[in-house]
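Structure record follows, encoded as structure tokens.
Computation of the quantities below employed the complete heavy-atom set of this structure, encompassing side-chain atoms and omitting hydrogens, waters and symmetry-equivalent molecules. Just follow the structure's listing: the first ligand is 1, and inside any ligand the first atom is 1.
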Amino acid sequence: MKNEYLLDRKVRQARWDEPLLFERSNPGVLAHQVPKLEQEIQDAFGSLDSIIPKSMKRESAPNLPEVSELQVVRHFTRLSQMNFSVSLGTYPLGSCTMKYNPLINESAASLSGFAWLHPHQDLRQCQGALELMWELEQWLAEITGMDAVTLQPAAGAQGEFTGVMIMREYHRCITKECEQRHEMLIPDAAHGTNPASAAMAGYNVVVVPSSDEGLVDLDALKESAGPNTAGLMLTNPNTIGVFEKDIAEIAGIVHDAGGLLYYDGANFNAIMGVVRPGDMGFDVVHLNLHKTMSTPHGGGGPGSGPVGVNEELAEFLPVPRIIKEEDGTFGLDYDLPRSIGKVKGFFGNFGMLVRAYSYIYSLGYQGLHRASEVAVLNANYVAYHIRKIRGFSLPYSQDDPRMHECVISAEKLKDDTGITAMDVAKRLLDFGIHSPTVYFPLIVPEALMIEPTETESKQDLDRLISAFQTISDEAYSTPDIVKNAPTSTALRKLDEYRAAHPKTLTLSWKMHLEKNEE
Ligand SMILES: *Cc1c(COP(=O)(O)O)cnc(C)c1O
């Protein structure tokens with residue numbers, strides 16, 4: 001197929017000069033009116049004044065924008081038109097598994113029996129929800145090869161923190177070497193959340209270098225593992241997208257040293273129904289339901305990072321545990337004296353659990369297996385073609401197939417033309433394709449981490465490859481086009497530093513007012 005055909009889709013993002021809702025605020029305008037307390041409720045419980053303790057009453061109304069419902073709807077619709085989503089186009093953001101979120105998940109989650117449940121509802125009235133969570137725990141345990149699962153953590157990073165706390169509790173209560181085992185081994189290719197979670201749990205991070213193949217260096221691991229080792233955190237396939245073929249030996253080295261193995265399940269999309277972390281020797285696992293199980297990635301919003309553990313660690317899981325009673329009803333067990341406690345209110349992000357349940361239920365074992373096969377096929381197809389394009393290469397393990405993602409280097413492109421991985425990523429936006437993850441993992445210079453996922457069609461993959469080809473051609477002939485990209489988006493190239501720095505970010509209306517006063 002010719003490039004022109006593949007890339008002829010014109011992309012123009014809307015550009016609204018959209019003020020904040022606060023700037024639109026008009027005193028007295030309402031989007032919603034709360035009904036007056038009904039007489040029967042007042043008669044039963046008394047007036048609001050008598051129900052709400054004085055100490056919990058506000059002095060004044062909260063400072064919220066006063067706008068109509070239509071103003072709110074238009075505001076967010078306009079903002080959405082200036083955004084990019086997996087519903088709009090290819091979103092190959094490596095490590096993040098931006099797969100399509102099937103609509104059937106949404107209809108399941110909006111069933112009123114699920115959507116309107118209150119977390120404080122009487123257990124007799126939410127047996128269905130408890131059964132769903134109990135069953136999802138069983139399924140995730142089966143898929144990962146673990147013995148017990150908690151659904152409580154709200155993100156992968158929180159799952160990691162939960163898992164590391166469980167490892168610490170194990171060393172405190174079982175090996176009784178908690179003080180001495182203060183080191184967490186983490187490969188240099190790891191996701192930044194791994195060292196962050198370990199450090200939050202009080203561990204010193206020991207970095208394990210990668211070998212020339214981009215795998216865990218076994219000699220370095222042997223040197224690092226010892227009486228101070230609490231455990232190793234690892235993702236397999238790793239962030240290069242290559243399967244750690246020595247995983248059995250890695251597990252042996254860490255276990256022999258008295259440590260535990262933590263599996264970062266963010267890359268689980270590569271191996272569903274093919275191989276299980278439990279069988280590879282891992283003791284603790286987290287999954288990202290918002291990656292692998294097709295629940296949406298909120299913009300910092302609801303995610304879900306369930307944690308699975310082997311039998312020996314089950315007593316340390318967060319409370320409450322969901323239990324099935326002998327009479328078949330479901331209940332909650334808070335009576336776990338060695339539990340690490342709670343990591344999140346109630347039971348986790350329940351709506352995400354319904355969506356993940358719906359996904360697993362609709363695909364079944366065969367479907368999950370097939371999804372991983374196609375995810376791997378798609379990543380290898382993309383890697384095979386893009387590595388041949390001028391300026392790009394596929395570093396590490398040339399002969400090993402990639403799993404669900406591939407890391408391309410634009411180092412040669414940069415040396416030849418001055419065009420960086422960041423420039424390439426920005427130019428892709430002009431073709432209606434989201435940027436891949438850039439500059440991660442840190443061990444690859446000018447890294448572009450591409451994860452197409454199984455939900456992209458061959459046509460979409462060909463468009464992605466064509467876009468890389470076109471950008472390469474432009475870089476060697478008219479580099480300014482690439483340097484100045486994107487031009488078709490609502491906003492042009494952003495200042496990455498300002499966009500990420502707490503000193504320059506204005507995160508709330510209150511902060512905005514305070515800054516303006518200064
Ligand atoms: C996404 C990711 C995480 C963290 O998960 P969040 O849900 O974003 O907190 C951890 N490790 C890897 C490899 C990831 O890709």
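Using a 4.0 Å cut-off between a side-chain N of Lys or Arg and a carboxylate O of Asp or Glu, Arg276 and Glu142 qualify as a salt bridge. Ion pairing between a basic and an acidic side chain is recognised when a charged N comes within 4.0 Å of a carboxylate O; Glu411 and Lys414 show no such pairing.
Of all the heavy atoms of Asp264, the ones lying under 4.0 Å from any atom of ligand 1 belong exclusively to the side chain. By the criterion of a heavy-atom distance under 4.0 Å, the side chain of Lys291, and not its backbone, is placed next to ligand 1.
Listed by number with element, the atoms of ligand 1 under 4.0 Å from a non-hydrogen atom of Gly156 are 5 (O), 6 (P), 7 (O), 9 (O). Near Glu160, meaning under 4.0 Å from any of its heavy atoms, are these atoms of ligand 1: 10 (C), 11 (N). Residue Thr193 has at least one heavy-atom neighbour below 4.0 Å for each of these atoms of ligand 1: 3 (C), 4 (C), 10 (C), 11 (N). The ligand atoms of ligand 1 that sit less than 4.0 angstrom from a heavy atom of Ala157 are 4 (C), 5 (O), 6 (P), 9 (O). Heavy-atom proximity to Ala266, at under 4.0 Å, picks out these atoms of ligand 1: 2 (C), 11 (N), 12 (C), 13 (C), 14 (C), 15 (O).
Taking the six-membered ring where the residue is Trp, Tyr91 and His434 present parallel rings, their angle staying beneath 30° rather than reaching 60°. Relative orientation of the His120 and His118 rings is parallel, given thresholds of 30° and 60° on the angle between their planes. Using cut-offs of 30° and 60° for the angle between ring planes, the His501 and Tyr497 rings count as tilted.
Looking at ligand 1, you won't find any N or O of Thr235 less than 3.5 Å from one of its N or O atoms. For a threshold of 3.5 Å applied to N or O pairs, the pair formed by Asn288 and ligand 1 contains at least one separation below that value.
Among protein heavy atoms, the minimum distance from atom 15 (O) of ligand 1 is reached at Ser95 OG, 2.5 Å.
You'll find the ring centres of His404 and Phe268 outside the 6.0 Å limit.
Looking at heavy atoms from C-beta onward, Pro296 lies in side-chain contact with Arg355 at the 4.5 angstrom threshold.
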